[in-house]
Each structure stands twice: as C-alpha cells, then as structure tokens.
There are 2 protein chains.
Amino acid sequence: MSQADTKQRILDAAERLFARDGYHATSLRSITTEAEANLAAVNYHFGSKESLLEATIDRRLRPLNEVRYGQLDALLQKTEETETIPSCRDVLRTFVEPTLRLRKQGSGAENFVALIGRTLAEPQGVAMSIFMRNMEPLLARLFQALNLSLPGISRQVLFWRVHFVFGSLSHMMRCHERHSIVPEAVSIDMSVEEEIELFLDFAVAGMEVHRS
Amino acid sequence: MSQADTKQRILDAAERLFARDGYHATSLRSITTEAEANLAAVNYHFGSKESLLEATIDRRLRPLNEVRYGQLDALLQKTEETETIPSCRDVLRTFVEPTLRLRKQGSGAENFVALIGRTLAEPQGVAMSIFMRNMEPLLARLFQALNLSLPGISRQVLFWRVHFVFGSLSHMMRCHERHSIVPEAVSIDMSVEEEIELFLDFAVAGMEVHRS
DNA sequence: ACCTGGTTCAAACGTTCGTTTAAAACATGT
DNA sequence: ACATGTTTTAAACGAACGTTTGAACCAGGT
C-alpha cells in the first residue's frame, strides 16, 4: 500500500469518528484501528491529532467553498449585468445546495457534513478556528449579497436572521440519522432536491418577513 | 461549609465548564478546582462524572420544562374554551420565551442554556439521552399543538420545520458570546423581549409559509 | 468527654491518552 | 545486488484521566 492509501484511510476514519463522537471523545487508537493503520501513522503523516482534524476539514471544505463562491459570484455577476437584484432564495441556494448535495455524493462525505454541523456547535472548540479560516471570505461575501437582496432589513436584524439560518442548516447537517424526537409515522427520507427546497422555503420566509 | 454549599458550587462550576468546553474536554480536576472543592467530592456527592452531568442538566431543565408545559397547557385550554385554534406564534412562544428569559436571570443560568444548546448538537453524546428523558413528553405535546395550529401543513413538512426551528433556537442558545462571523458594526445586544420577538418573527414565518 | 454519621482530604490506583523512538520492512534508482 | 529514502511496526514514554481508599475532621446528641 502506498502512502496515499494510508493517509486517505486515516482521513476517512477520522472523518467518520470525529463526526460521530466529537474530537475529544475520539482517540487516535480508534482511528488507526478503523483505518487498519499503525498508531504512529497519524503522527507520521499529519504531525498531531489536531493537524489531522485540520486536514480532515480542509480536504472537503476547500473544494466545497470554491463551488459555493463560484455560484455566488456567477449569480451576482448575472444580476449586475441585468441590473436587477438577486433574490434572497437564489443567494441562499448558492450556499445551501452544494452543502446538501455533498451529503448524497457518497464516499463518506455525509460524515464530513455532520462534522461541520458539530463544529458550528462548539464556539470555543479546536475545530472552530480551523473552520473559520476557510469560511471568512465566503461569509463576508454572502452577508453582503443578502444585504443587497433584502434592502428593507436593517443590518442588525439581517445578522440575527442569518444566524438563525445557520442554526437551522447546521442542525440539518448534523442530523442525518433518525432523531428520537421524530414520530415513527413520519418519513424523513427525501430526495436532495426536496430537501433543498423544503429548507429554502423555511429559510427564505424567515429572512424576508416583516415585523408583525 | 455545609454539604449543600459544596454540591451547589460543584454544579455551578460543572455547568460553566461543560457548557464552555464540552463534556469530554472538561476534567473533574478543573471542575473541583473552580468549585474550590476536593477532587473526590464529585464522586462522593454525585457518584460519577456522568451522574454529575445528569444532575447539572436536571437541576434547571426540570423546572424550566414545568413552566413550558404549564404555559402550553394554559394556552391549549384557553383556545379550547373559546373554540379557536392556537396561533403558531403563541405555541412557539410557550417554548421559546421561558428558555430565553432563563438566560438573563443570572446565577449562571446562561451557562445552562449554552450547555443545552451544545447537547442538542451531539446526537450520540452522553448528554442527549439525559436531555431526552426530560423532554419527550413536552415535545410530543408541542408537536401536537403545532399540528393543531397549522392544519394546512402535512406532518412530514411540519416535522422538518420544527427541526429547523430547534436548530435555530439551539444555535441561539449556544452563542451568547460574540461570534467571529458577526461584523464589528453590528450590535448584538438586545433586551430579552426583543430577542424573543425577533426569533418568533423568523420562526413563525418559516413555519407558516406555503410552498413557493 | 465520648461516640456517631456525614464530610473533607491527600494520596494512590489502574487506565487510557497523544506522542516518541529505533529498528524493521519496503520501494526505487543505479 | 546494493544503497537510499520512505513508510510501517512494536514498544515504550510521561502525562492526565476517573475513581477509590482510609485516615482526618467536624458537627450534634448523650
């Protein structure tokens, strides 16, 4: 087996276990066991446990954010040419759609989505700063675009609503398994397209609503 | 110092540290140090680390849920007498308002709110089953009430939207400190009342919207 | 003054953790 | 076949963890 194989197997195992149990509750021994690698392989290939987490996040977040950034840029450029303003739904879609599609792509990507969901829930955690380093430029641009598409809403309210949308999205990302809250009668299986539109219905309505 | 003092001080410290760093990243040594108690005090008073977590959650969640349950019951009884249906906003308010008010009550309650926010983000974690044991009856009743107040919405869609609302709320509960996402210009300070209405504006709009 | 039940204390227990080491195994170019 | 640089391996490291122990301490009742 080549080096690349071992590195990938470790990344896959780390992705799954970090997502399932969290960073601190996952030991390097359990990762290397699942990856069928030697315990020392992590420190040899990645340097430390924290660097492994960083590599795990970076591997998928970098290309994901390039897609998101590309779609958002294309949307903004199109609306600029036609001298219209982008709809809130279209702006949010550039962020949400690549994320939820990633989950159905297979090869463990759904574990990554859950891992990011967890990361967003640990404000002071190790993973947060790794995550933020990748997200900051995109988030600034997203906020800017939303501000453009919702001119009637103050920046403060806009920020809070974006905050709420992130909460919903990260919660959705985290829970790809059946929760105990959900009654047995309710089917949670949907196509990606349904998932995306169901979420956008909710999020856009919340973003656009006027004070009651 | 009496027993009660030590137990309370340990609960307060555990609440703060579990909320800030998570269950696994918090050591009993750091808890007892902050509580100015002996290391063995946790096992003497609570039996184990996990039982301490349980006691930490139970202490505040039990009375909180009694308030929520009482308000929801009062609302449902009133609408039954007047033969009207409860509004989605009123139903959600019985759940959201006691929670957000708790945060401003002081005496470390804001740490508890953040701890619950974290708990909701760890589907397989130790805290989740402790949390769910307290929540299940209330959640069933809440779901039932929302189903009543939104007759036009299928159970499946309703479930997902409740899921989104929980995501937003738990995210709000988690982040009582300033995030790095939020631009410096935006003030995040609000009164409890403003917070509640801002959240309900968002959540109710998302719950009630018709497919676009 | 003495006993008693509850509480605190310092010290140690056995485990598990992330990391390091140095030798063995492997691959590759000559 | 040999030398070279990379990867894997088993073993060990010190540190930190949750938990247990047994003696010390402190109240209140007799």
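Protein chains get the first letters and strands the later ones, always in sequence-line order, with residue 1 at the start of each.
- C:dG18 atom C1' lies 12 Å from atom CZ of A:F18, rounded to whole Å.
- A salt bridge links A:D12 to A:R59: at least one charged side-chain nitrogen sits closer than 4.0 Å to a carboxylate oxygen.
- To the nearest angstrom, C1' of D:dA23 lies 13 Å from CG of B:N38.
- At D:dT8, one or more side-chain N or O atoms of A:H45 fall inside 4.0 Å of OP1 or OP2 (strictly under the cut-off).
- Using a 4.0 Å heavy-atom criterion, one finds that B:T26 contacts the sugar-phosphate atoms exclusively.
- Mapping A:A41 and A:R29 onto DNA chain D by nearest heavy atom places A:A41 closer to the 5' end of the strand.
- Between B:L53 atom CG and D:dG18 atom P the separation is 12 Å, expressed in whole Å.
- In this structure a side-chain-to-backbone donor-acceptor pair under 3.5 Å is missing from A:S170 to A:G117.
- A perpendicular orientation is assigned to the rings of A:F164 and B:F199, their planes being inclined by more than 60° (bins at 30° and 60°).
- The 12-atom threshold is exceeded at NZ of A:K104, counting heavy atoms of other residues, nucleotides or ligands nearer than 6.0 Å.
- Between A:S48 and C:dG18, a side-chain N or O to OP1/OP2 separation shorter than 4.0 Å is absent.
- The side chain of B:N43 approaches D:dT20 more closely than any other nucleotide in the set C:dT19, D:dT20, D:dT9.
- Contact check, B:S27 against D:dA16: no side-chain N or O comes under 4.0 Å of OP1 or OP2.
- Residue A:D5 contributes atom CG, which lies 9 Å from atom P of D:dT8 at whole-angstrom precision.
- Using bins of under 30°, 30° to 60° and over 60° for the plane-to-plane angle, the ring pair A:H163/A:W160 lands in the perpendicular bin.
- As a whole-Å value, the separation of A:E36 CD from D:dT8 P is 13 Å.
- Residue A:L28 places its side chain closer to C:dT19 than to any other of D:dT8, C:dA10, C:dT19.
- Between the C1' atom of D:dA16 and the NZ atom of B:K49 lies a distance of 12 Å, rounded to the nearest Å.
- Computed from coordinates, the A:L17 CG to C:dG18 C1' distance equals 16 Å when rounded to whole Å.
- Between the CG atom of B:L39 and the P atom of C:dA12 there is a distance of 14 Å, rounded to whole Å.
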